[in-house]
Amino acid sequence: MLKTLKETVFRLRPQIPTETKIGIILGTGLGELVHSITDKIEIPYEIIPHFPVSTVEGHSGKLIVGQLGGKPVLAMQGRFHFYEGYDMKQVTYPIRVMQLLGFQYLFVSNAAGGMNGSFQVGDIMLIEDHINLFPEHPLRGKNEKEFGTRFPDMSEPYDKQLRNLAISIANKHNIKLQRGIYVGTQGPTFETPAEYHFFKIIGGDAVGMSTVPEVIVARHGGLKVLAFSVITDLGVLGKIVEVSHEEVQEAAKTVQPKMALIMEEIIKQL
Ligand code: HPA
């Protein structure tokens, strides 16, 4: 694993300025942020040694290297979901690459179903904590000491200072920012009403199919993390309607400018 990673990093290093400390996973809701990145170079996943490639729909992702909010950043357009069949090492491979490149920050977004009764479709939720319900752990197996400790602390998975910064920026720009706990599940089914209810009972505010593996690996590697969910549908008793992937995308589109603004302002202030 370390050897393959080093080969990946060897290939990428010349194209990524050494001052780059910020990695962004452009999940649902953050796609538009790509337009705010300037001086871009794009690196398709296919040409990166050992990088997982997308097998679905022919369009795989790319890394975007450029400037955002006056800082050098590396953004991932296209992430790897466990439900697509990748194993956890593949899902989190890009995070290890970021770690070996010396990054300090990981910003993530995703789409999620809201269980919290005060949430509405189109809300942005700042993730304060998560519950990992994935059936496989990304750190299972031999621990590479170079990457981090065997038993990583998870007392503050989402950095408090970054969260406070996000809250103050949202306040300043009059953007409603919900806060809550993200439940990470494998998917690919959306939840049954009983499952939404169960996730609410165990303390969840929103549920989705990503983010948790990447965040765990980022924390293992010492990166500070900030993550947002776009609430694209509701798992609230009485408000549960049929959900489709298209509706999820549609709901996410409307919040893009707000998410992009928050993210760019945070980066400016780092
Ligand atoms: N459940 C799981 N993942 C999701 C949902 C949901 O309701 N909405 C968007 N991603």
Side-chain angles (χ1 to χ4, degrees), residues 24-33 54 56-57 61 76-86 88 91-92 107-138 157-158 176-216 225-256 258-260 262-263:
I24 306 168
I25 302 177
L26 300 170
T28 309
L30 266 184
E32 231 171 67
L33 191 65
S54 174
V56 281
E57 288 167 25
M76 286 178 64
Q77 196 172 49
R79 63 141 59 100
F80 307 104
H81 297 93
F82 188 70
Y83 64 73
E84 293 175 82
Y86 300 103
M88 280 300 187
V91 168
T92 58
F107 297 117
V108 190
S109 76
N110 60 50
M115 283 90 67
N116 186 313
S118 69
F119 288 3
Q120 290 173 334
V121 169
D123 280 353
I124 302 171
M125 183 186 93
L126 175 68
I127 302 182
E128 295 187 304
D129 200 347
H130 70 223
I131 297 173
N132 177 18
L133 294 183
F134 280 88
E136 189 192 313
H137 199 285
Y158 302 86
K176 178 164 82 165
L177 189 61
Q178 303 281 17
R179 300 181 219 173
I181 294 168
Y182 177 87
V183 179
T185 60
Q186 65 171 318
T189 43
F190 293 114
E191 282 62 37
T192 66
E195 286 164 346
Y196 282 126
H197 185 58
F198 168 63
F199 292 154
K200 184 184 154 102
I201 288 172
I202 64 169
D205 296 290
V207 54
M209 308 172 197
S210 68
T211 303
V212 168
E214 293 107 313
V215 169
I216 288 172
V225 176
L226 186 68
F228 299 94
S229 291
V230 180
I231 305 302
T232 56
D233 52 274
L234 296 174
V236 177
L237 223 57
K239 294 186 192 170
I240 298 176
V241 292
E242 203 178 309
V243 199
S244 72
H245 181 61
E246 289 68 32
E247 281 162 333
V248 166
Q249 298 300 317
E250 195 51 41
K253 236 192 248 167
T254 59
V255 300
Q256 299 231 26
K258 291 186 251 179
M259 290 270 276
I262 295 176
M263 198 63 84

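When a ligand or atom number is given, it counts from 1 through the structure's own listing order. FYI, side chains are in, hydrogens and waters are out, and symmetry mates aren't considered; it's all heavy atoms of this structure. The structure displayed is predicted, hence computed values, not measured ones.
- Between the side chains of Ser244 and Glu247, a donor-acceptor pair is found at a separation under 3.5 Å.
- When Val212, Val183, Thr185 are each tested for a side chain to side chain contact (heavy atoms under 4.5 Å, CB included) with Asn132, only one passes: Val212.
- Heavy atoms of Gly235 stay at 4.0 angstrom or farther from ligand 1.
- Every atom of ligand 1 is numbered from 1 in the order shown, and the set under 4.0 Å from a heavy atom of Thr232 is 8 (N), 9 (C).
- The parts of Val207 lying near ligand 1 are both backbone and side chain, judged by heavy-atom distances below 4.0 Å.
- At most 12 non-hydrogen atoms from other residues, nucleotides or ligands lie less than 6.0 angstrom from NE2 of His245.
- Close contacts between ligand 1 and Tyr196 involve ligand atoms 6 (C), 7 (O) [criterion: under 4.0 Å to a heavy atom].
- In plain terms, the two heavy atoms of Ser210 and His81 that are nearest each other are CB-CD2, 3.9 Å.
- Annotation for ligand 1: atoms under 4.0 Å from non-hydrogen atoms of Ala111 are 9 (C), 10 (N).
- In terms of protein heavy atoms, atom 2 (C) of ligand 1 is closest to Glu191 OE1, 3.2 Å.
- Of the protein's heavy atoms, Gly113 N, 3.3 Å lies nearest to atom 5 (C) of ligand 1.
- Atom CZ of residue Phe190 and atom CD of residue Glu195 lie 12.5 Å apart, to the nearest 0.5 angstrom.
- Using a cut-off of 4.0 Å between Lys/Arg side-chain N and Asp/Glu carboxylate O, Lys253 and Glu32 are scored as not salt-bridged.
- Annotation for ligand 1: atoms under 4.0 Å from non-hydrogen atoms of Met209 are 2 (C), 3 (N).
- Looking only at heavy atoms of the protein, atom 8 (N) of ligand 1 is closest to Asp233 OD1, 2.7 Å.
- A donor-acceptor contact closer than 3.5 angstrom is absent between the side chains of Thr28 and Asn110.
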